[in-house]
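Step one of this worksheet: look at the structure below.
Residue numbers start from 1 in every chain, and the chains themselves are labelled A, B, ... in the order their sequence lines are given, proteins ahead of strands. As a basis for the values below, the full set of heavy atoms in this structure was taken, side chains included, without hydrogen atoms, waters or symmetry mates.
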Amino acid sequence: MKYYRFKQEGRMNCDVRVFATRDLYNQIEKTALKQLFNAASLPGVVGVIGLPDIHQGYGLPIGGVMCSSLKKGVISPGAVGFDINCGVRLLVAGLRLEDIIDKLDDIMSGLKNEIPAGLGVNSTLTFTDQQFERVVEEGLPFLITRLGYGQTIDIAACEENGHLKGADLTGVSKKAINRGKKQLGTLGSGNHFLEIQVIDKVYNHNSGLEEGQISIMIHTGSRGFGHQIAEDYINIAKKRAKKYNFDFPTKNLASFPINSPEGEDYYRAMACAANFAFANRQILTHFVRQVINHFIPGTFITVYYDLAHNICKKEIHQINGKKKALLVHRKGATKLSPDGIALVPGSMGTDSYIVRPKNQEALKAAFESVSHGAGRKMGRRQARKKLSYREHLKSLGEVRVTSATNDNLLDESPLAYKDISEVIRSLKETGLAEPVVRLKPLAVLKG
DNA sequence: ATGTTC
């Protein structure tokens, strides 16, 4: 286990641990570290960690985890971020590379036709007010058993069974609901993608997966719905700072006491956005099943796992050797599944991994968290300026890219992201995780 | 990330 420990001092309420080797540590921005110290200074915060690839974010850095005491702590909309339950789902098909390779182009254009993608794009589906309310409050169990999008066996394969409890639409603005209702069943834009992959290396045979098998990865979140909820509550938190006599170390970490009316409202609204995102990935799964079965009838597609990158949840962890009930905020970080696996996606056109914990002590010290994927190396604007289309195409190699909009292609180029193998190496070196399976992209539908 | 800049 390898981490840097910053002892509690000044306004901090707890230590900060940053999982990194010396090399990695030297690459971390000062501003990202400062954000961790700020997080540790919020009332009732009892644990803050940074994962090896942290970089500056809004309030809390991407790759940051902040735990507050459920009794005395805060809940911070900024620490969850704007894309609530942005996350990744992995599907496994009963197909091998040779079964699909000749039909890949047809399947990709089928997916492009079926799945709305891009900024501000709306769904092809319509939901009544009541259906929408039940989907976001009850999550996958309702969507699957009552609306028919998938099979009940899919539910158990998702983090929290695809349903964050306590979701309640009453604290969600009309504006958020109106945006959300039109967007359930869409891919989105930016780094969101849908990718067909082949399993090209199995490090551990307990994974149940075989080399040459086909998988599909879906990366999307809660679209305008979660974004609006985040914006609404961040604004409220900034305004209420006085009421609760909070002197936030930075505005962007504005928070509520967990047990305040506003704090409870945010949790219930955040849970709605989390359920929306689980449902969104489930509906896209339904489209994937339809399209692949259209071209290759009889194909069985299972959900391998589905996890969140940006969320806060009530969990039990050890603090100073004692079990404590915490509210764990993860931003650009994921929790290991009950089976002890996590998905670590690469950028568009690069490898992804399934990982498992390497060192149990590190796992506990990190509140069972690992990195969420290859972070950005260049900002969006910087990527557009610095990269040429030719370099970008070359970096994609054999990977076929279908873009919904052909917009901002360079923003999401593999060249604008860190090398995923470096992220995996850093997880190994810090003892957080090791690879179980490597997935190689064949074709990607870019959002 | 996002009907694209508190």
Side-chain angles (χ1 to χ4, degrees), chain A residues 55-64 76-89 116-123 172-184 186-194 218-242 248 250-254 269-270 272-274 276-278 280-281 284 307-312 329-334 345 347-348 372-385 403-413 416-417 446-447:
Chain A
H55 52 283
Q56 192 189 343
Y58 181 94
L60 193 69
I62 323 292
S76 172
V80 173
F82 281 93
D83 191 0
I84 297 166
N85 193 4
C86 168
V88 164
R89 170 180 290 216
L119 192 64
V121 167
N122 290 333
S123 180
V172 177
S173 67
K174 279 275 176 310
K175 199 174 171 188
I177 294 171
N178 287 337
R179 288 180 73 176
K181 246 179 61 178
K182 293 182 290 189
Q183 293 188 323
L184 191 52
T186 61
L187 184 60
S189 72
N191 65 357
H192 290 164
F193 64 79
L194 192 155
I218 300 169
H219 183 191
T220 187
S222 52
R223 308 285 284 103
F225 183 62
H227 196 275
Q228 191 63 50
I229 288 171
E231 190 187 317
D232 291 343
Y233 278 93
I234 285 169
N235 287 337
I236 297 171
K238 285 178 179 173
K239 280 187 201 146
R240 298 295 155 87
K242 271 216 177 98
F248 302 124
T250 160
K251 260 193 173 176
N252 295 350
L253 269 176
M270 185 280 309
C272 285
F276 179 107
F278 285 129
N280 202 23
R281 294 192 285 273
L284 298 196
L307 54 71
H309 291 165
N310 300 340
I311 202 164
C312 68
H329 302 67
R330 290 191 182 83
K331 180 189 277 184
T334 71
S347 59
M348 168 178 94
H372 79 311
R376 280 193 164 276
K377 196 165 66 182
M378 297 178 195
R380 292 193 162 85
R381 211 175 315 159
Q382 194 189 2
R384 250 174 274 173
K385 234 180 179 178
S403 172
T405 57
N406 280 318
D407 227 16
N408 310 332
L409 276 172
L410 295 178
D411 296 21
E412 303 302 324
S413 170
Y417 280 81
K446 179 196 168 298

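Atoms CD (A:Glu231) and P (B:dT4) sit 9 Å apart, rounded to a whole Å. Here the C1' atom of nucleotide B:dT2 and the NZ atom of A:Lys175 are 11 Å apart, to the nearest Å. Regarding A:Asn252, its CG atom lies at a distance of 15 Å from the P atom of B:dT5, rounded to whole Å. Atom NZ of A:Lys182 is separated from atom P of B:dT2 by 14 Å (rounded to the nearest Å). In this structure, A:Lys239 atom NZ and B:dC6 atom C1' are separated by 11 Å, rounded to whole Å. Rounding to whole angstrom units, CG of residue A:Leu119 and P of B:dT5 are separated by 10 Å. A straight line from CD1 of A:Ile234 to P of B:dT2 spans 15 Å, rounded to a whole angstrom. Following rounding to the nearest Å, A:His227 (NE2) and B:dC6 (P) show an atom-to-atom distance of 11 Å.
Non-hydrogen atoms lying under 4.0 Å from DNA chain B are contributed by A:Phe82, A:Asp83, all within residues 76-89 of chain A.
A search for side chain to side chain contact (heavy atoms under 4.5 Å, CB included) contacts involving A:Lys175 returns A:Ser173, A:Gln228, not counting sequence neighbours.
Under the 4.5 Å side-chain criterion, counting only non-hydrogen atoms from C-beta, A:Cys86 is in contact with A:His192. Here the side chains of A:Asn280 and A:Gln183 are not in contact, with every heavy-atom distance at 4.5 Å or above. A heavy-atom distance below 4.5 Å is found between the side chains of A:Tyr417 and A:Arg376. Side-chain contact check for A:Pro345 versus A:His372: every heavy-atom pair is 4.5 Å or farther apart. Side-chain contact between A:Phe82 and A:Ile234 is present, with at least one heavy-atom pair separated by less than 4.5 Å.
Using a distance-only test at 3.5 Å, with no hydrogens or angles considered, no donor-acceptor pair links the side chain of A:Arg89 to the main chain of A:Thr220.
A:Gly221 comes within 4.0 angstrom of no nucleic acid atom, judged by non-hydrogen atoms across all strands. Using a 4.0 Å heavy-atom criterion, one finds that A:Arg381 contacts no nucleic acid atom at all.
Both A:Arg376 and A:Asn235 sit near DNA chain B, but only A:Arg376 has its closest nucleotide nearer the 5' end.
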